Amino acid sequence: MPADYYETLGIDRGADEAEVKKAFRRLARELHPDVNTADPQAEEKFKAAAEAYEVLSDPERRRTYDAFGHDGLRSGGFHSRTESAGGFQDIFEAFFGGGAGGSPFEDLFGRGGSAGPAAGGDVAVRLEIELADVLSGVSREVAFRAVVRCEHCHGNGAEPGTPITTCETCGGAGQVRQATRTPFGQMVRATPCPTCGGDGRIAETPCEVCGGDGAVAQRKTYEVEVPAGIENGQRIRIGGAGHAGEAGAPDGDLYVQVLIADDERFHREGGDLVTVLEVPATIAMLGASMPVETLTGEREVEVEAGVQHGDSIRLKGDGLPSLRSPQHRGDLHVAIKVVTPVNLADEQRELAERLDGTLEERNVPGGAREGLFERVRRAFR
Ligand SMILES: [Zn+2]
Ligand SMILES: [Zn+2]
């Protein structure tokens with residue numbers, strides 16, 4: 001049974017939204033595993049605080065918790081949400097920002113020890129497109145949740161028309177010096193001011209909309225231009241479209257990872273495409289015009305008499321453009337798969353036997369002794 005959420009955050013049951021937020025911020029700064037290496041329980045405590053915050057910051061879930069406790073949240077199906085992967089990381093980053101891969105605390109602690117306004121975190125989203133979209137590029141909307149500057153207070157956290165004062169604890173520096181005893185002697189290090197949370201300034205009356213945070217989480221959309229020729233898994237960076245930074249600091253970036261849906265008709269090799277054309281053995285002997293699928297529709301190709309299994313026909317310019325020169329398209333290689341007829345009727349068998357009896361040296365293809373793989377390799381070169 002998890003501890004009482006109010007106890008975990010160290011607040012009264014009557015604490016308002018701003019107090020809940022402030023308590024979590026303080027704990028998060030203290031307990032984040034990247035920062036607190038002294039306390040082996042820091043990570044567990046941090047997760048507990050994040051879970052408590054997730055519930056108490058949501059009015060509906062808080063009401064459920066107040067009335068029914070942890071059991072109420074479980075039966076409501078809420079519990080799994082706080083345990084889902086990335087749950088607390090998400091709210092954490094929403095508060096403090098956090099670079100892709102980097103610690104969200106870098107902005108607060110890592111860079112030169114300055115506790116200035118934190119830059120906004122980056123947002124990563126995935127976007128799936130069709131292979132045909134690679135041909136000429138595509139414009140797609142992505143939706144994501146991001147921290148945006150609070151419009152009510154313009155990001156300064158104070159209710160409009162109320163004063164903002166310099167923090168008395170840190171004198172506006174945003175940091176306090178703390179001495180700790182270590183096996184190597186006394187160490188002094190700067191930590192963010194517990195009173196103002198590193199801002200150096202305090203809104204006497206916190207903004208009603210954002211609770212003094214200067215930012216709110218919101219659903220955002222962005223129209224992404226995916227360029228022609230993009231490769232599966234490539235990321236598009238859109239500067240400044242991520243989480244809003246604190247007032248005076250830059251916004252984070254939006255990274256859109258483009259995933260290209262599998263198209264079972266084609267295999268992609270950079271700008272070239274490979275498709276397989278099944279040719280009955282008799283057609284392979286006689287030759288014929290056959291339909292082949294391309295990215296832009298069906299097209300007739302001439303299968304020449306005597307074509308061999310593993311041969312390929314190159315359709316120049318029916319591949320994909322390259323990212324660097326979108327006007328140049330690669331080729332479509334039509335790989336021939338000779339299919340041998342099965343379940344022959346007596347009459348068919350007789351015909352095949354008669355044909356077999358007539359075959360002579362000149363019917364053997366010149367490249368017959370050449371390895372199949374060598375022929376395939378040569379065809380795609
Ligand atoms: Zn506000
Ligand atoms: Zn302060």
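Owing to the predicted nature of the structure, the values given are computational and were not obtained by experimental measurement.
- Applying the side chain to side chain contact (heavy atoms under 4.5 Å, CB included) rule to R265 yields the partners D263, E293; only residues at least two apart in sequence or on another chain are considered.
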Query raised in the report: Can you list the steps and then say if N232 with V258 is a side chain to side chain contact (heavy atoms under 4.5 Å, CB included)?
Result: CA-CA 6 Å; N232 185 37; V258 178; over 6 Å; no
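- For the residue pair K220 and G242, the shortest heavy atom distance occurs at NZ-O, 3.5 Å.
- Residues meeting the side chain to side chain contact (heavy atoms under 4.5 Å, CB included) test with D253, sequence neighbours left out: D122, R237, Y255.
- Annotation for E19 and A15: closest pair OE1-CA, 3.1 Å, computed over non-hydrogen atoms.
- Annotation: the span from R299 atom CZ to S289 atom OG amounts to 10.5 Å, rounded to 0.5 Å.
- At least one side-chain heavy atom of L254 sits under 4.5 Å from a side-chain heavy atom of V256.
- In this structure, D251 contributes its side chain and G245 its backbone to a donor-acceptor pair below 3.5 Å.
- Taking all atoms of both residues into account, the shortest heavy-atom contact from G214 to C153 is CA-SG, 4.1 Å.
- The minimum heavy-atom distance between E208 and E159, with the atom names listed, is N-OE1, 2.7 Å.
- There is no side-chain donor-acceptor pair under 3.5 Å between R61 and Y5.
- In this model, a donor atom of one side chain and an acceptor atom of the other lie less than 3.5 Å apart for D4 and Y65.
- Taken together through direct or relayed side-chain contacts under 4.5 Å among Ile, Leu, Val, Met, Phe, Trp and Tyr, V301 and L295 form part of one hydrophobic cluster.
- The environment of R268 atom CZ is dense: over 12 non-hydrogen atoms of other residues, nucleotides or ligands sit within 6.0 angstrom.
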Query raised in the report: Between H309 and I336, is a side chain to side chain contact (heavy atoms under 4.5 Å, CB included) present by the stated rule, with each step listed?
Result: CA-CA 6 Å; H309 182 76; I336 303 295; 5.9 Å; no
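- Side chain to side chain, H333 and E269 fail the donor-acceptor criterion of an N or O pair below 3.5 Å.
- For R177, there are no salt bridge (Lys or Arg N to Asp or Glu O under 4.0 Å) partners, not counting sequence neighbours.
- Dense packing is recorded around CD of E141, with more than 12 heavy atoms of other residues, nucleotides or ligands lying under 6.0 Å away.
- Expressed to the nearest 0.5 Å, how far CZ of F24 lies from CD of E51 amounts to 11.5 Å.
- Counting only N and O atoms by type, the side chains of R126 and Q257 include a donor and acceptor under 3.5 Å apart.
- The shortest side-chain heavy-atom distance between V364 and L359 does not fall under the 4.5 Å cut-off.
- A chain of hydrophobic side-chain contacts below 4.5 Å, direct or via other Ile, Leu, Val, Met, Phe, Trp or Tyr residues, connects L332 to L131.
- T162 and E204 share no donor-acceptor pair across their side chains, judged by distance under 3.5 Å alone.
- Between the Q175 side chain and the P192 main chain, no donor and acceptor come within less than 3.5 Å of each other.
- Within a 6.0 Å radius of CD in E231, other residues, nucleotides and ligands contribute more than 12 heavy atoms.
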Query - Stepwise side chain to side chain contact (heavy atoms under 4.5 Å, CB included) check, I260 with D133 - result: CA-CA 9 Å; I260 299 166; D133 295 331; over 6 Å; no
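- A chain of hydrophobic side-chain contacts below 4.5 Å, direct or via other Ile, Leu, Val, Met, Phe, Trp or Tyr residues, connects L27 to I11.
- Within the 3.5 Å criterion, the main-chain N or O of C210 finds a donor-acceptor partner in the side chain of K21.
- Rounded to the nearest 0.5 Å, atoms CG (L315) and CG (L273) are 10.5 Å apart.
- Residue-environment remark: OH (Y222) stays at or below the threshold of 12 foreign heavy atoms within 6.0 Å.
- Counted within 6.0 Å of CD on E304, heavy atoms from surrounding residues, nucleotides or ligands total 12 or fewer; the atom is thus considered open.
- Looking only at atom types and distance, the side chain of D58 has no donor-acceptor partner in the side chain of Y53 under 3.5 Å away.
- Between V123 and A146 the shortest heavy-atom distance is CG2-CB, 4.4 Å.
- Put simply, CD1 on I202 and CD1 on I164 are 11.0 Å apart, with the number rounded to the nearest 0.5 Å.
- Remark: side-chain polar atoms of D262 are not paired, donor with acceptor, to backbone N or O of E264 under 3.5 angstrom.
- Partners of R329 according to the side chain to side chain contact (heavy atoms under 4.5 Å, CB included) rule, which considers only residues two or more places apart in sequence or in another chain, are L135, D318, P321.
- For the pair V148 and V216, the minimum side-chain heavy-atom distance is below 4.5 Å.
- N156 places a side-chain N or O within 3.5 Å of a backbone atom of A158 that can act as its donor or acceptor partner.
- Enclosure of atom CD in E17 is not indicated, since only 12 or fewer non-hydrogen atoms of other residues, nucleotides or ligands lie within 6.0 angstrom.
- If you chain together hydrophobic residues whose side chains sit under 4.5 Å apart, V138 and L127 fall into the same group.
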Query raised in the report: Between D66 and Y6, is a side chain to side chain contact (heavy atoms under 4.5 Å, CB included) present by the stated rule, with each step listed?
Result: CA-CA 10 Å; D66 287 346; Y6 292 97; 2.6 Å; yes
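- When side chains are defined from C-beta on, T221 does not count as touching F144, because their heavy atoms never get closer than 4.5 Å.
- One distance of note links CG of D272 with OG of S322; it measures 11.0 Å at 0.5 Å rounding.
- The existence of a salt bridge linking R149 and D213 is excluded, since no basic side-chain nitrogen approaches an acidic carboxylate oxygen closer than 4.0 Å.
- In this structure, CD1 on I313 lies 6.5 Å from CG on L277, to the nearest 0.5 angstrom.
- The hydrophobic cluster of V176 has no other members, since no ILVMFWY side-chain heavy atom comes under 4.5 Å of it.
- Contact record, T195 with C167: CB-SG, 4.0 Å, taken as the closest heavy-atom pair.
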Tabulate below the donor-acceptor pairs under 3.5 Å that side-chain atoms of residues 343-350 make, not counting sequence neighbours, or state none.
unit_1: Q348; atom_1: OE1; unit_2: A345; atom_2: N; d: 2.7
unit_1: R349; atom_1: NE; unit_2: E353; atom_2: OE2; d: 3.4

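- A donor-acceptor pair under 3.5 Å is absent between the side-chain atoms of S325 and the main chain of H328, judged by distance alone.
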